[in-house]
Amino acid sequence: MSELPKTYEPQAIEEKWYAQWLQDGCFTADPQSSKPAYSIVIPPPNVTGVLTLGHVLNNTIQDILARRARMLGKEVLWLPGTDHAGIATQTVVERTLKKQGEIKHRDDLGRDKFLEKVWEWKDKHGGIIIQQLKKLGASCDWDRERFTMDEDYSRCVQSIFVDLYEKGHIYRGRRMVNWCPVSLTALSDEEVIMKQQNGVLYQFRVEVAESPGTFLSIATTRPETIPGDTAVAVNPKDSRYTHLVGKHVVRPLPAEMPHADRWIPIVADEHVDFEFGTGVLKVTPAHDKADFEIGQRHGLVAIDVLRANGVMNEQAGHGLAGLDRFEARKVAAEMLREMGALEKEDPYQNNVGYSERADVPIEPRLSEQWFLKYPSKEAARDVVADGKMKFYPERWAKVYDHWMENLQDWCISRQLWWGHRIPVWYHRESGEVHCGLHAPADAENWKQDNDVLDTWFSSWLWPFATMGWPEKTETLKKFYPTTDLVTGPDIIFFWVARMIMAGYEWMGEMPFKNVYFTGIIRDKQGRKMSKSLGNSPDPLDLIAKFGADALRFGVMRSAPLGQDVLFDEKNVELGRNFCTKLWNAARFRQMQGGESEGEIAPALLSSDDKWILLKLDGAIEEVSRALDEYRFSDAAQALYRFFWSEFCDWYLEACKAALYGSDEARKTNTLAVMDFVLGHALRLFHPFLPFITEELWHGLGYNGDLPAQQGGRTIMFARWPGVLGKDFRTHYGLDATDEALANARYEVVNQGRGLRRDANIASNKKVKFVFRPTSPLTAHDPEVLKILLNAEALEIVDATWAPAKGTPTALTPLGELFLPLEGLIDVGAERERIQKEIAKVEQELLTVRRKLSSDSFVAGAPAAVVDEHRHRQTAWQDKLAQLGRMLETLGS
RNA sequence: GCGCGGUUAGCUCAGUGGUAGAGCACCUGCCUGACACGCAGGUGGUCACAGGUUCGAACCCUGUACCGCGCACCA
């Protein structure tokens, strides 16, 4: 084995191993393999996106799952790819072209030229995030990388559309949709996010046409839409107004319109809440969803007063036409005031729907769009409700179910160019509609629909479209349904729910068996990461500074299941420190020389050896179970604790007694134990820390001479450690006795270190200790104690030995430990220390006694618990007595 | 309005009925023969509040408060 350098330098090592893995085809999935399948499809990032911490979290989890599955002997497919992200990408490209002065509007280029530009952009910037994922160590099968606008994928999307059209699930209609006045397209309900707004509630009055002098007061937040009002509505049960139903009011705007043309009816509708405002609602069927429905019920006309971009049109009348909707709002209120109709203006908080992408209020707008009635709803709902498909954390199942219960038709058409164009043609003369993969033979007589499909209409096919559907490919046969899906809960409706429905509709089966929902990454103040706040660190900077393993470990260690993740660079630093610790522990092993991975001789095992082997067994069990249950931070935590606190802090120190001793056989055996533990630890760590573990696997010579696929060359295919188990324990004689002995010894050390501190002796100063054991010690005990106490000497004495007055003394499970320091002790300080301990013990004793003296406790608690309390009481009593004697010996 | 999380050390969080924990931060001492990205020792908590169940509650139940999120919304 070659010697490990003094410090771990992640950059070169990461690059080296990633290239090696690629070269050896370690990530490539073989559908012909006889191994059981394990598969994940990546949630495809936007093709123009760059890596964020959210991606780091999400993809590290997937990589951990994939790498562990390989070690468990599965044939693993982690299928990567990118999403064309319709609106996002088109917006970015359009904005850039505008900035470069190439165009003022995309119309300047026309559809085909514009799309060329988008493709150019995609080719130039599309690979970035993929490269970044590689830096993170993602073990995706890059040979199978897919893009939602690949030729075959596009064909797949279109045939799905045709299929649904033929099944009658897709229809076209003029409906109220969510319109984004900036992106100039319809949006689905899911793309609208409600935001609380500080606005104004205006109250204005209108005159009843048939009874001049009688007025109705109306509350509204949108006076600019008054020219679009075609009725006012009251609740049929509202006695204040029932006598007016059927009459008319005079709509105040547009003012220049003849009086008679501004008469609008008063209708009675259940929808009106008579508690709210004045109990009178202005009805604007063209600009409000609820109003539209009222309009339908009462046969009202809809007057559209807005252009697509949110500017008032001619119908809005003088003074408003040409103004932006928000400007028009103020102006309309002013106009009402001038005509004496404005009664009140109150500050008002309400919720307004915003376009998720453009971050502006959407407009409810009447337009011709394509809609989908979701297929396979029942199967999709049941599979989660029945627990056949598992959600982690489970509570998302309820959210899912609630949404599935209230499914609304999906508006799938978008007025964009970048995307899958709707495969529908209209006959130029007859208007006949043709839906199919190609235009009809007499193509020149037909015109294709201008719209494209919602991005999610392609993403929902991801689990099988990426595997070659509709062909029955080997990949599909082997790897569908996929095993795990890892994604954010924010796209549970956008993506997860729809994939489940699509899976059932076209594959007849669920698309994945388990769904893991990550938390959302926030900054350490709990705010969402955002570009404008500048609180979103670049993962690549972090990788450059600390290493990919450090980033992965830091993020995973602080990402508990079901909770948001508060990101703090400190965590990555901790990850880096941990890698260094791992590195140095390995280096320490290497410095001892000797054969790599020698045979362990059970007869030569010390209690320390047995202790660490039992701890290792516990760690394997704990880590495996945590990973089985998707508790990644628990697994990371357990590994951290095991390796640092147990292996390094105790075992590596304790075993120096054997390593620095003269017994070669014991030394060799100790090295074998170290190799055994390190070899297991490296494998347990590998899913979290792929690079450093691979480097050390080789550096320590654990790779052996086996071929790669058998765990020889790479740790990637080394077998995942199973629990050592009963046979192992029997064979190596691991039992509770040795563990207890080691624990007791470590307690002696703790006590001794306490003595040092109280005597103000620096930890690096070697001093002499005296130990008076209560029962015989083995030869091993003093050696270890001496090392761990950093003692110059450890003198073992018998009961006849008495310390000089004032000698600091500690009570330990194995006997009394003295720190003889002639003339150096501060008797007062030592007395204080003992008294402090006495106080503590007395407190404990009091608690236990109080419990035991309670009849109800003794009668009511299980016998074992009462017993345990009795033992505890005895122990505290003994300790108290001894402490008292110590105080006596101390003298004054 | 309905639903879901959360409230434990200065900070971030573990801890599902029987002696309150970790990491970071802080304090003290140390470059002790792997590691100062380290070692050793230490300070720090009436477990949000109020009731209840229980021999016993951070933990189970009920309610309250506050923080966060989702869904649905009244113009």
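Throughout, a chain's letter reflects where its sequence line sits, starting with A, and its residues are numbered from 1. Keep in mind that the numbers below use all heavy atoms, side chains included, and drop hydrogens, waters and symmetry copies.
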- Message: Does the protein touch nucleotides 22-30 of chain B at the base, only the backbone, or not at all? Give it as B, S and - per nucleotide, heavy atoms under 4.0 Å.
- Response: -SSS---BS
- Item | Protein-to-nucleotide contact annotation, 5' to 3' order, nucleotides 66-75 of chain B [B base; S sugar-phosphate only; - none; under 4.0 Å, heavy atom] | -----SBBBB
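No side-chain donor-acceptor contact under 3.5 Å links Arg557(A) to the backbone of Tyr640(A). Using a distance-only test at 3.5 Å, with no hydrogens or angles considered, a donor-acceptor pair links the side chain of Arg756(A) to the main chain of Asn790(A).
Base pairing of rG21(B) is made with rC13(B), judged by Watson-Crick or G-U wobble geometry with both donor-acceptor distances under 3.5 Å. When both pairing distances are held under 3.5 Å, rC69(B) makes a Watson-Crick or G-U pair with rG3(B). rU64(B) is paired with rA48(B) under the Watson-Crick or G-U wobble criterion, all donor-acceptor distances under 3.5 Å.
Ring centroids of Tyr651(A) and Phe642(A) are separated by 6.0 Å or more, keeping the two rings apart. For Tyr392(A) and Tyr630(A), the ring centers sit closer than 6.0 Å to each other. Aromatic pair Phe517(A)/Phe391(A): ring centres closer than 6.0 Å. Aromatic rings of Trp403(A) and Phe493(A) (six-membered ring for Trp) have centroids within the 6.0 Å cut-off, being under it.
Within the structure, the salt bridge (Lys or Arg N to Asp or Glu O under 4.0 Å) test picks out the following pairs touching residues 268-280 of chain A (sequence neighbours left out): Lys237(A)-Glu270(A), Asp269(A)-Arg297(A).
On the P atoms, rC59(B) is 14 Å away from rG15(B), given to the nearest whole Å.
Note on ring orientation: taking the six-membered ring where Trp is involved, the planes of Phe643(A) and Phe685(A) are perpendicular (angle over 60°, cut-offs 30° and 60°).
Every residue two or more places apart in sequence or in another chain that forms a salt bridge (charged side-chain N to carboxylate O under 4.0 Å, His left out) with Lys656(A) is listed here: Glu653(A). Glu293(A) pairs by the side-chain hydrogen bond (donor to acceptor under 3.5 Å, both in side chains) definition with nothing, not counting sequence neighbours.
Across all strands shown, Asn750(A) has heavy atoms under 4.0 Å from sugar-phosphate atoms exclusively, and none from any base. Heavy atoms of Glu653(A) sit under 4.0 angstrom from at least one base atom.
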Using atom names, set out every protein N or O paired with an N or O of nucleotides 16-21 of chain B below 3.5 Å, distance rounded to 0.1 Å.
residue: rU19(B); atom: O4'; partner: Arg872(A); partner atom: NH1; Å: 3.2

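Arg395(A) has no side-chain polar atom (N or O) that falls below the 4.0 Å cut-off from OP1 or OP2 of rC4(B).
Both geometric conditions, a ring-centre gap below 5.5 Å and a plane tilt below 30°, are fulfilled for Tyr660(A) over the base of rG33(B).
Side chain Lys581(A) to base rC35(B): a donor-acceptor pair is found below 3.5 Å.
Each of Leu566(A) and Ala586(A) was matched to the nucleotide of RNA chain B holding its nearest heavy atom; the match closer to the 5' end belongs to Leu566(A).
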